[in-house]
S.K.: 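Here it is: the structure, laid out below.
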Protein chains: 2
Amino acid sequence: MFLTLQRYFNQFQPLSAPALEAIEAICKPITIQKNKNLQHIGQTCQTIYFLENGIARIYYLKDEIDITEGFYFENSIIARAESLFTGRPSRKGIQVLETADLIAIDSQKFFALFDAYPEIERLFRKIIEAAYIDTINRIESLQFNSAEERYKSLLESSPDLINRVPLKYIASFLGITQVSLSRIRAVR
Amino acid sequence: MFLTLQRYFNQFQPLSAPALEAIEAICKPITIQKNKNLQHIGQTCQTIYFLENGIARIYYLKDEIDITEGFYFENSIIARAESLFTGRPSRKGIQVLETADLIAIDSQKFFALFDAYPEIERLFRKIIEAAYIDTINRIESLQFNSAEERYKSLLESSPDLINRVPLKYIASFLGITQVSLSRIRAVR
DNA sequence: GAGCAGATTTATCAAATGATAAAAAATCAA
DNA sequence: TTGATTTTTTATCATTTGATAAATCTGCTC
């Protein structure tokens, strides 16, 4: 049960049977239909999700314009960190782009396990460290790569993203307008 | 002793006396002269630094061009996360921009304390969480704010940065050329 | 304080990207 | 399939930013 989640954990570090059971006890499987919001803008993030399949994105509005902050694929964790760790309402929402099966984990209950299971806290720390590194690399690409370079390296790192996600979402993720993205794609 | 460091920790969570002593036992105070490298490009990051005073920056080269990834001020932690957490050599260097007193903490020894002192691991987790949130916000500003907006919000969030740091470093931090920054400043 | 080196600004032109509008293509529901 | 809606592309023009070179400015050394 929750094998996908366990396998995900194992990438970072295996957990003992009791720790796994403690986590399973607070897991709730849910299914969200395509294009539905998993979490709305303004809600405080109190749930950590694990995506078993499907695609989701975190987005926000700048001057009424929808901007995709990030994409999340099967077998990954998704949560709005700035809200989860601060307890403040998030300016961001989570939308599912393909009908998705998820595991919902109440963050309060999850954090409460840290005292009894230091191994869980350690696992979580490693997950955050990896997410942190990802964002550092993303900053690097936004800092001085051209829009075209960013598009091409996205193609390389996530080849099927283009097929599964509307281009309008990809454009804002890359920090450009949809029209610019279309122009870049036309060059080839 | 190491009161500055202890005060920094307290922002996140206070540590017990034994935990503090264990950390102090692996702390080494060092002083680095202005403009010297604290860590060179290519070195693997095995030290976590705490800046007691002065300013430092993390930088890297893209196409021979020096780019500032981030600035770090007194009373903050500085380390090259992508190397520290992966054990791989860093493409980045750390340079001190004002003669600085630092506390150097061997990362291996520090991580080794996590088993005996879960509270230290928890503290470290919280520090990483905060750093992670910072990078997420930085991505947001790079994604769709204009160079001028980024400059102005930097002025607001770090007013004295401009006086203490050469503009050429600030320009690359903002993701623009120095000439562009100069132009933006001239508008006012 | 003169001279030097590096930092910053200014000027000019080129390239990349944005804004807007309209056309074409794809998707979806009836 | 048809028609409506959304997505993507194309076109045009405006704006921003980059590249390069040169002119100032600043700080440092002697």
Side-chain angles (χ1 to χ4, degrees), chain A residues 33-37 54-55 57 59 61-68 71 95-99 139-155 158 160-188, chain B residues 33-37 54-55 57 59 61-68 71 95-99 139-155 158 160-188:
Chain A
Q33 294 302 307
K34 178 171 178 171
N35 292 332
K36 294 287 183 206
N37 272 292
I55 299 188
R57 70 181 184 111
Y59 68 97
L61 301 179
K62 171 175 160 85
D63 305 333
E64 323 264 308
I65 307 284
D66 178 310
I67 297 178
T68 296
F71 293 109
Q95 183 191 20
V96 159
L97 300 178
E98 291 175 356
T99 299
I139 284 178
E140 201 177 314
S141 99
L142 285 169
Q143 226 178 348
F144 270 104
N145 288 357
S146 68
E148 186 175 352
E149 285 174 314
R150 278 175 271 152
Y151 174 68
K152 285 185 174 166
S153 72
L154 182 66
L155 273 187
S158 309
D160 65 335
L161 185 72
I162 312 296
N163 306 319
R164 294 172 67 184
V165 174
L167 289 171
K168 60 176 177 173
Y169 296 145
I170 293 174
S172 67
F173 173 73
L174 292 172
I176 53 178
T177 62
Q178 188 185 356
V179 175
S180 274
L181 177 57
S182 203
R183 181 161 38 196
I184 286 167
R185 284 160 53 82
V187 174
R188 162 82 342 261
Chain B
Q33 294 304 306
K34 179 171 178 170
N35 291 332
K36 294 288 182 205
N37 270 293
I55 298 189
R57 72 182 183 110
Y59 68 97
L61 301 179
K62 173 175 160 84
D63 306 333
E64 322 264 309
I65 307 284
D66 178 310
I67 297 178
T68 296
F71 293 108
Q95 184 190 20
V96 159
L97 300 178
E98 292 175 355
T99 299
I139 284 178
E140 200 177 315
S141 98
L142 284 169
Q143 229 179 346
F144 270 106
N145 289 356
S146 69
E148 187 174 352
E149 285 174 314
R150 277 175 272 153
Y151 174 69
K152 285 184 174 165
S153 72
L154 182 66
L155 272 188
S158 308
D160 64 336
L161 185 72
I162 311 297
N163 305 320
R164 293 172 66 185
V165 174
L167 289 171
K168 60 177 177 171
Y169 296 145
I170 292 173
S172 67
F173 173 74
L174 293 172
I176 54 177
T177 61
Q178 188 185 356
V179 176
S180 275
L181 176 57
S182 202
R183 182 161 38 199
I184 287 166
R185 285 159 52 82
V187 173
R188 164 91 344 263

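Per chain, numbering begins at 1; letters A, B, ... match sequence-line order.
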S.K.: Q143(B) has an atom CD; how far is it from atom P of dT17(C), in whole Å?
M.R.: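 Going from Q143(B) (CD) to dT17(C) (P), I get 15 Å.
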S.K.: Could you tell me which non-hydrogen atom of L181(B) sits nearest to which non-hydrogen atom of L167(B), and how far apart they are?
M.R.: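 That closest heavy-atom pairing would be CD2-O, 3.6 Å.
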S.K.: Separation of I65(A) atom CD1 from dT17(C) atom P, in whole Å?
M.R.: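 Between P of dT17(C) and CD1 of I65(A): 19 Å.
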S.K.: Whole-Å distance between dT8(D) P and Q178(A) CD?
M.R.: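 Result: 5 Å.
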S.K.: Given F71(A) and Y169(A), is the side chain to side chain contact (heavy atoms under 4.5 Å, CB included) satisfied, shown in steps?
M.R.: CA-CA 9 Å; F71(A) 293 109; Y169(A) 296 145; 3.9 Å; yes
S.K.: For K62(A) and dG18(C), give me the distance from atom NZ to atom C1', rounded to whole Å.
M.R.: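 In whole Å, dG18(C) C1' lies 13 Å from K62(A) NZ.
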S.K.: Is the backbone N or O of N35(B) less than 3.5 Å from a side-chain atom of Q95(B), with the two atoms forming a donor-acceptor pair by type?
M.R.: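 It does hold such a pair.
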S.K.: Are any side-chain N or O atoms of R150(A) and backbone N or O atoms of N145(A), one a donor and one an acceptor, separated by less than 3.5 Å?
M.R.: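 Yes, because the side chain of R150(A) sits within donor-acceptor range (under 3.5 Å) of the backbone of N145(A).
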S.K.: Can you check each nucleotide of nucleotides 14-30 of chain D against protein heavy atoms at under 4.0 Å and return B for base, S for sugar-phosphate only, - for none, in 5' to 3' order?
M.R.: ---BBSB----------
S.K.: Going through the distances and angles, do R185(B) and S182(B) end up as a side-chain hydrogen bond (donor to acceptor under 3.5 Å, both in side chains)?
M.R.: CA-CA 5 Å; R185(B) 285 159 52 82; S182(B) 202; 5.6 Å; no
S.K.: Does L154(A) form a side chain to side chain contact (heavy atoms under 4.5 Å, CB included) with F173(A)? I'd like the steps, not just the answer.
M.R.: CA-CA 10 Å; L154(A) 182 66; F173(A) 173 73; 3.9 Å; yes
S.K.: Calculate the interatomic distance between R185(A) atom CZ and dA25(C) atom P; express it in whole Å.
M.R.: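 Result: 15 Å.
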S.K.: Could you tell me, to 10°, how much the axis swings from one end of the helix from dG1(C)-dC30(D) to dA30(C)-dT1(D) to the other, five pairs per end?
M.R.: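 Taking the rotation axis at each end, their angle is 50°.
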S.K.: When you measure from the side chain of S172(B) to the backbone of T68(B), do you find a donor-acceptor pair of N or O atoms at a distance under 3.5 Å?
M.R.: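 Judged by distance alone, yes, a pair lies under 3.5 Å.
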S.K.: Which pair of heavy atoms, one from T99(A) and one from Q33(A), lies closest together, and at what distance?
M.R.: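 Looking at all heavy atoms of both residues, the shortest contact is OG1-OE1, 3.6 Å.
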S.K.: Rounded to the nearest angstrom, tell me the gap between atom CD1 in I162(A) and atom P in dT9(D).
M.R.: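 Whole-Å distance recorded here is 10 Å.
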S.K.: Figure out the CG/C1' separation between L167(A) and dT7(D), and round it to whole Å.
M.R.: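 To the nearest whole Å, that distance equals 8 Å.
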S.K.: With sequence neighbours excluded, tell me which residues meet side chain to side chain contact (heavy atoms under 4.5 Å, CB included) with E64(A).
M.R.: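 Applying side chain to side chain contact (heavy atoms under 4.5 Å, CB included) to E64(A) gives none.
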S.K.: Without decimals, in angstroms, what is the distance between L174(A) CG and dA16(C) C1'?
M.R.: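 My rounded result for the distance is 15 Å.
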